[in-house]
Amino acid sequence: MGKNNSVTRRIQPILWISTLYFAMGVPFVTINAVSGIMYKDMGVSDSQITFWTALILFSWTLKPLWSPFLEIYKTKKFFVISTQFAIGILFALVALSLPMHDFFKYSIALFAVIAFCGATHDVVADGTYIGFLTNKEQAKYIGWQGAFYNLAKIISSGALVYFAGVLEKTKGVTHAWMIIMVIYALLFLGLAVYHYFILPKENKEEQKDEKTAGNVRQELLEVITSFFTKKKILWCILFIILYRFAEGFAIKIAPLFFKAPRTSGGLGLSTSDIGLIYGTYGSAAFILGSVLAGYFISARGLKRSLIWLCCAFNIPFVVYALLAHYQPADLLPVGVAVVVEYFGYGFGFVGLMLYMMQQIAPGKHKTAHYAFATGIMNLGVMIPGMISGTISDWIGYKMFFIWVLIATIPAFLATLFVPFPYPENQKEQ
């Protein structure tokens with residue numbers, strides 16, 4: 001690692017790590033959260049929004065299947081720039097599709113292509129980080145990596161959603177969101193140009209073993225086989241899917257519930273209010289929870305901490321049930337509820353990520369197996385997210401969030417009986 005050409009090493013890594021991981025976060029946050037608010041503004045039903053915006057996240061689950069083939073052609077820098085440029089063009093096309101009569105059909109198809117490009121971008125961005133930094137540098141910049149990924153959440157679901165709400169008052173809903181999509185487009189085109197000049201590039205001629213498609217297929221088959229033959233892997237997979245099961249329901253409906261009129265059981269918040277709550281207070285609470293969880297786990301160990309992390313992750317969903325029951329007119333209790341839920345989310349999510357690193361990934365293909373684990377983990381959010389809108393339309397927001405609390409039970413059971421195939425004090429070569 002970190003043995004690529006010395007000319008590229010003169011560039012300070014923070015200059016490209018910051019923008020690379022910011023660019024990684026934006027497509028996922030936009031499709032998973034921002035697009036739902038946009039479609040709600042434009043009159044699309046909750047069931048359609050949740051089903052399709054969850055389904056197209058499947059690219060992030062499948063990305064390990066095509067990631068090895070990216071090593072054969074061109075360079076990681078080529079794919080980073082290409083995917084960013086493509087995402088920029090696609091966001092511009094989304095903007096053009098919004099005034100059309102069948103805007104939902106065309107825009108969701110474009111978002112699906114953005115998801116594929118975003119998932120591909122994740123693979124080559126992580127590959128760049130691993131390939132051009134020494135182990136010491138990877139540890140040094142890991143905090144910055146996470147900070148700029150979360151900055152994407154603050155900018156996308158916070159500032160830009162807030163700006164969309166401001167524009168709606170003067171430009172109308174459709175034109176407001178067209179402007180937001182154009183901003184996304186210009187952002188990614190700018191990032192592509194910036195990374196053309198700043199991103200390090202590996203020297204293909206220095207690679208000793210030239211990979212072919214046949215070699216990669218054989219290697220991929222070995223990676224998949226070795227993953228599914230790991231010790232107690234089925235129980236591990238069940239755990240990482242069920243841990244986020246309730247979240248898959250709640251995360252899709254919560255912003256739609258905030259936006260829905262009070263006569264329909266919602267809170268009737270404006271788009272600007274939602275952007276302010278989620279993008280500032282919510283994101284700050286998430287980061288604080290994540291940092292504190294690291295110290296909590298380091299003091300107690302993951303095995304002793306995991307049930308408490310599961311409680312922190314799942315119990316705060318009760319705030320949405322309380323909001324649906326009381327329907328407060330004041331913004332303060334809504335903001336407090338989101339802070340509580342996002343703090344717990346950040347605190348509990350760290351446990352799941354560490355479990356995948358320490359109990360599923362170890363072995364010969366550690367990086368690839370970690371990618372497989374994160375892909376499978378996304379199924380635990382995607383599948384309930386796809387049906388969340390239908391359930392919400394059927395039973396209403398008040399009963400839906402009661403259902404979310406019931407859906408946390410499998411997570412607690414899975415956590416209580418989760419296996420630990422590897423000792424926590426194990427040190428790998």
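All values reported here derive from a predicted model rather than from experimental measurement. The analysis underlying the following values was restricted to heavy atoms, covering all of them including side chains, and did not include hydrogens, waters or symmetry mates.
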request  = Show your reasoning for whether side chain to side chain contact (heavy atoms under 4.5 Å, CB included) applies to Val44 and Phe103.
outcome  = CA-CA 10 Å; Val44 181; Phe103 72 91; 3.8 Å; yes
message = Under the criterion side chain to side chain contact (heavy atoms under 4.5 Å, CB included), I'd like the reasoning laid out for Leu199 against Phe132: C-alpha separation, chi angles, the key distance, then a yes or no.
response = CA-CA 10 Å; Leu199 202 65; Phe132 281 90; over 6 Å; no
task = Just do the side chain to side chain contact (heavy atoms under 4.5 Å, CB included) check on Met377 and Ile241 with the steps written out, would you?
result = CA-CA 5 Å; Met377 174 194 68; Ile241 289 178; over 6 Å; no
inquiry  = Leu269 vs Ile277, test: side chain to side chain contact (heavy atoms under 4.5 Å, CB included). Steps then yes/no.
reply    = CA-CA 10 Å; Leu269 300 184; Ile277 291 171; 4.1 Å; yes
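Ring centroids of Phe188 and Phe85 are separated by 6.0 Å or more, keeping the two rings apart. Between Phe258 and Tyr278, the ring center distance clears the sub-6.0 Å criterion. Close placement of the Phe116 and Trp66 rings is indicated, their centers lying within 6.0 Å of each other. Ring centers of Phe257 and Tyr397: under 6.0 Å apart, within the cut-off. Checked against a 6.0 Å centroid threshold, the rings of Phe249 and Phe401 do not count as neighbours. A distance of 6.0 Å or more separates the ring centres of Tyr149 and Tyr21.
Side-chain atoms of Val338 and Tyr281, non-hydrogen and from C-beta on, never get closer than 4.5 Å to each other. Val418 is not listed as a side-chain neighbour of Trp235, based on a closest heavy-atom distance of 4.5 Å or more. Taking 4.5 Å as the limit, some side-chain heavy atom of Ile240 sits within range of a side-chain heavy atom of Met356. Phe148 is not listed as a side-chain neighbour of Ile17, based on a closest heavy-atom distance of 4.5 Å or more. Residues Leu256 and Tyr39 fail the side-chain proximity criterion, which asks for heavy atoms closer than 4.5 Å. At least one side-chain heavy atom of Trp308 sits less than 4.5 Å from a side-chain heavy atom of Arg300. Side-chain contact between Leu309 and Ile297 is present, with heavy atoms from C-beta onward closer than 4.5 Å.
Side-chain contact of Thr271 with Tyr162: a donor-acceptor pair under 3.5 Å is absent, judged by distance alone. Side-chain contact check for Ser270 and Asp273: at least one donor-acceptor pair (N or O, by modelled atom type) lies under 3.5 Å.
One N or O on the side chain of Thr50 and one on the backbone of Gly389 form a donor-acceptor pair closer than 3.5 Å. Judged by distance alone, the side chain of Ser82 and the main-chain N or O of Phe79 form no donor-acceptor pair under 3.5 Å. A donor-acceptor distance shorter than 3.5 angstrom exists from the side chain of Thr30 to the backbone of Val26, with no hydrogens or angles considered. With hydrogens and angles ignored, the 3.5 Å screen pairs no side-chain donor or acceptor of Lys153 with any backbone N or O of Val29. The main-chain N or O of Phe286 is found under 3.5 Å from a side-chain atom of Ser290 such that the two form a donor-acceptor pair. Of the possible polar contacts, one joining the Thr408 side chain to the Leu405 backbone as a donor-acceptor pair under 3.5 Å is found. Remark: the backbone N or O of Glu222 is not paired with any side-chain donor or acceptor of Thr225 at under 3.5 angstrom.
The local environment of OH in Tyr194 is crowded, with over 12 non-hydrogen atoms from other residues, nucleotides or ligands closer than 6.0 Å. Trp52 CH2: 12 or fewer foreign heavy atoms inside a 6.0 Å radius. Other residues, nucleotides and ligands contribute at most 12 non-hydrogen atoms within 6.0 Å of the OH atom of Tyr196. In this structure, Met353 places its CE atom where more than 12 heavy-atom neighbours from other residues, nucleotides or ligands lie under 6.0 Å away.
In terms of heavy-atom proximity, Ile360 sits nearest to His369 at O-CB, 4.4 Å. Between Ile31 and Ile56, the closest heavy-atom pair is CG2-CD1, 3.6 Å. A pairwise comparison of heavy atoms in Met382 and Leu57 identifies SD-C, 4.5 Å as the closest pair. In this structure, Ala23 and Gln84 approach most closely via the heavy-atom pair CB-NE2, 3.6 Å. Nearest heavy atom pair, residue Leu354 against residue Leu302, reads C-CD2, 4.0 Å. Counting all heavy atoms, side chain and backbone alike, Gln48 lies closest to Phe104 at O-CZ, 3.8 Å.
For residues 309-335, the set of pairs meeting the side-chain hydrogen bond (donor to acceptor under 3.5 Å, both in side chains) definition, not counting sequence neighbours, comprises Tyr320-Glu341. Pairs engaging residues 236-256 under the side-chain hydrogen bond (donor to acceptor under 3.5 Å, both in side chains) rule: Asn32-Lys252, Thr53-Lys252, Arg244-Glu247, Arg244-Tyr345, Glu247-Tyr345 [sequence neighbours left out].
Screening Ile114, Asp122, Leu90 against Pro27 for a side-chain contact (heavy atoms from CB on, under 4.5 Å) leaves a single residue, Ile114. Paired with Phe347 under the rule ring-ring contact (aromatic ring centres under 6.0 Å, His included), one option of Phe313, Phe296, Tyr295 passes, and it is Phe296.
For the atom pair CE (Met38) and OG (Ser107), the distance works out to 5.0 Å, reported to the nearest 0.5 Å.
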